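Following: one structure in structure tokens, then a few remarks.
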Amino acid sequence: MSQPDPQLLEEVTQLRAELDEANYRYYVLDEPTLTDADYDRRLQRLKQLEAENPSLISPDSPTQRVGAAPADGFPSVAHAIPMLSLDNAFSAEDIVAFAQRVAERLECEADEVEFTCEPKLDGAAVSLVYEQGVLVSGATRGDGRTGEGITSNLRTLRSVPLKLMGKHIPELLEVRGEVIMRHKGFEALNERAREEGSKVFANPRNAAAGSLRQLNPQITATRPLEFHAYQVARIDMANLDDSVMPTHSRQMQRLKDWGFRSSAELKVLTGPQAVVEYCEQLGAKRDQLGYDIDGVVIKVNALRYQRELGFVARAPRWATAFKYPAQEEVTTLNDVEFQVGRTGAITPVARLEPVSVAGVIVSNATLHNADEITRLDVMIGDTVTIRRAGDVIPQVVRVDVDKRPADAQPIVFPEHCPVCGSDIERVDGEAVARCSGGLYCAAQRKEALKHFASRKALDVDGLGVKLIDQLVQLDWVKTPADLFHLTVEQLQSLPRMGEKSSVNLVNALDKAKHTTLARFIYALGIREVGEATAANLASHFGTLQVLQAAELAALEAVNDVGPIVAAHVHTFFRQPHNQETIAALIEAGVTWKEAEVAQGPTPLEGQTWVLTGALESMTRDEGKARLQALGAKVAGSVSKKTTALVAGEASGSKLTKAEQLGVEVVDEATFIERLSQWEQSE
Ligand code: D41
């Protein structure tokens with residue numbers, strides 16, 4: 001066999017190293033470095049080189065994350081050491097009792113024992129085996145003794161290292177952890193499934209487990225899964241004794257060095273009292289984590305003590321799981337109402353017998369659309385399971401058909417808008433039904449006004465939902481432009497509006513007239529045009545006139561704009577009532593600085609900036625938009641590749657990190673000075 005060309009080998013090695021590094025930064029550290037396009041270019045190049053030189057393919061190449069062919073079924077895999085389960089604790093007393101049992105066996109005081117606390121992720125437990133630093137096998141937990149071999153599927157997770165990073169690679173390593181799906185990814189997956197009429201998952205845990213059990217790894221590859229390590233189950237390393245990694249917390253640190261994600265919330269605490277406080281504090285943060293947890297796993301930190309304590313039946317004596325209240329509860333569906341959104345979308349909303357779900361009283365839940373009602377086979381009067389997690393709107397996840405009362409009523413989707421009486425239309429192939437009333441519909445008008453005045457649009461201070469309701473009800477405000485003709489006298493005559501708040505609102509409206517093109521486009525509320533798309537449209541076309549006149553092909557040439565969004569934008573600007581509204585807004589004095597058209601090289605091309613802390617003269621969003629208009633990328637976190645950090649008031653960890661990495665730190669005054677120089681030089 002001929003030796004591969006050394007230059008080729010070098011290119012392949014380099015590409016793999018760059019892709020591995022980019023993966024790690026993106027999926028483990030949450031600090032993206034390469035852009036998606038740069039990543040794809042490298043991956044394509046590597047695929048091409050490997051296709052031309054198949055002898056170069058190796059199982060740890062980044063190209064091997066997606067490639068494997070569908071399997072007929074999964075082989076059984078016996079776990080070398082059983083995957084134990086966990087005992088539960090439900091109260092502070094249970095935690096104290098656990099610590100006392102531990103202390104008794106160790107013949108010490110409970111207050112002296114060191115514990116680790118980490119969130120109990122609600123996903124699917126898996127085990128990964130590495131030989132000589134290379135992933136050789138991955139399996140589900142199964143019954144704890146035998147699981148299913150799902151190596152090809154686990155390989156597709158970018159947070160699963162195919163090859164361990166860094167130094168001191170063990171000969172053998174078995175890592176266990178939880179595969180989870182974050183709320184965002186879960187919502188998007190179900191949203192797509194609802195549109196396509198494919199399988200909708202009841203919760204992220206089912207979605208994670210279901211995605212891992214796909215016979216076709218290419219499907220798993222499209223699912224937003226993350227692996228979070230929680231245990232070193234086996235390790236075989238030359239010269240290794242407990243002095244290197246004497247504790248669970250040290251092992252978790254080592255796993256991070258090798259390229260794994262493990263909990264950022266992990267803390268080492270002494271005594272049961274500190275553990276109880278941790279559980280309370282994490283419980284208060286539970287809704288903001290962005291992923292499901294069902295409790296806290298409490299472990300004795302020292303491996304020596306873990307061994308001394310051993311296990312009973314199928315659970316270790318040295319660990320327990322403190323459980324939070326469930327995120328699913330059962331209640332009765334009393335009625336269904338139909339809400340009309342900003343774009344006329346009709347959403348069926350379940351009115352429920354109020355029930356406490358994970359500490360919050362829930363009396364409404366979304367039923368999404370007509371197809372979802374069919375899928376759930378739900379009727380008024382049914383006993384339903386409600387799920388509430390984080391910021392996600394509560395959902396009806398299942399119906400107990402056996403408990404259906406004799407007088408249960410079918411849910412009838414209306415044919416006319418419940419607010420304005422216009423026909424409800426449903427486009428073939430779309431899941432959503434819409435009121436055809438447009439801005440004649442008071443519900444749509446209210447939503448449009450709320451959007452127009454919202455923080456990321458024209459940011460009108462003091463224009464709340466209740467006030468908008470009144471203004472629309474009284475017919476004082478039909479389009480956003482009417483807002484600018486409201487007078488202090490008029491406003492003052494409304495209930496709960498004093499002179500001061502009326503003056504303030506008129507002033508706020510006056511101030512809101514001076515905006516940016518990006519905000520103005522966003523404020524118009526064009527379907528599918530969010531903040532980012534609006535900014536892209538603004539910097540691409542530069543002026544509203546050019547955007548309004550743009551044909552479909554020109555619109556599709558904009559970053560991130562596909563045929564659907566292009567069609568929405570195109571249609572929007574051709575509607576006479578939208579043209580009238582825009583003219584009326586300009587007439588009322590709304591102005592903006594025309595955006596700089598992004599043309600060719602821009603002064604900050606290739607640079608990555610990070611903004612932190614509060615700025616005095618502008619919002620961070622504004623600073624971000626101005627940097628982007630100059631060609632810079634704006635990232636959320638500091639890394640080696642950061643060009644500079646703009647540090648406003650009360651900058652915290654990002655500033656520290658920038659200083660550690662030697663990244664340039666710019667204060668607000670310097671930032672503003674440089675911005676205006678660059679903006680003029682363009
Ligand atoms: O986050 C979890 N779900 C998690 C599960 C965790 N953070 N740590 C865990 N630690 C263990 C022991 C103590 C046995 C190493 C676990 C689990 N077990 C576990 N997951 C499923 C069954 C047991």
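First listed ligand is number 1; within each ligand, the first listed atom is number 1. Here the structure is a predicted model, which means the values were calculated and not measured. Quick note: numbers below take in every heavy atom, side chains included, and nothing from hydrogens, waters or symmetry partners.
The part of V297 lying near ligand 1 is the side chain, judged by heavy-atom distances below 4.0 Å. Contacts between P119 and ligand 1, counted as non-hydrogen atom pairs separated by less than 4.0 Å, involve the backbone only. When non-hydrogen atoms are compared, ligand 1 lies under 4.0 Å from the side chain of R141 (C-beta onward) but not from its backbone. Contacts of K120 with ligand 1, taken as heavy-atom pairs under 4.0 Å, involve both backbone and side chain. Of the heavy atoms in R176, none comes closer than 4.0 Å to ligand 1.
L157 places a side-chain heavy atom less than 4.5 Å from the side chain of V179. For the pair L645 and T612, the minimum side-chain heavy-atom distance is below 4.5 Å. Looking at R223 and L189, their side chains come closer than 4.5 Å, going by heavy atoms from C-beta outward. Between L19 and R16, every side-chain heavy-atom pair lies at or beyond the 4.5 Å cut-off. When side chains are defined from C-beta on, E308 does not count as touching E107, because their heavy atoms never get closer than 4.5 Å.
Inclusion of Q231 in the set of residues having an N or O under 3.5 Å from an N or O of ligand 1 is not warranted.
If you check each of L86, V300, V126 against atom 12 (C) of ligand 1, the one with the closest non-hydrogen atom is L86. Residue L84 holds the heavy atom nearest to atom 22 (C) of ligand 1 of all those in L266, L84, V296.
Ring to ring, Y130 and F260 are close: their centroids are under 6.0 angstrom apart.
Here the protein heavy atom with the shortest distance to atom 19 (C) of ligand 1 is Y230 OH, 3.4 Å. Counting protein heavy atoms only, atom 3 (N) of ligand 1 is closest to L121 O, 3.0 Å.
Close approach of ligand 1 to E118 is summarised as follows: ligand atoms under 4.0 Å from at least one heavy atom of the residue are 6 (C), 7 (N), 8 (N). Distances below 4.0 Å separate heavy atoms of A319 from the following atoms of ligand 1: 13 (C). Close contacts between ligand 1 and K299 involve ligand atoms 8 (N), 9 (C), 10 (N), 13 (C) [criterion: under 4.0 Å to a heavy atom].
The CD atom of E226 lies 9.5 Å from the CG atom of L121; values are rounded to the nearest 0.5 Å.
Side-chain contact of D257 with H168: a donor-acceptor pair under 3.5 Å is absent, judged by distance alone.
Under the side-chain contact (heavy atoms from CB on, under 4.5 Å) rule, S356 has a single partner from I361, T331, V362, which is I361.
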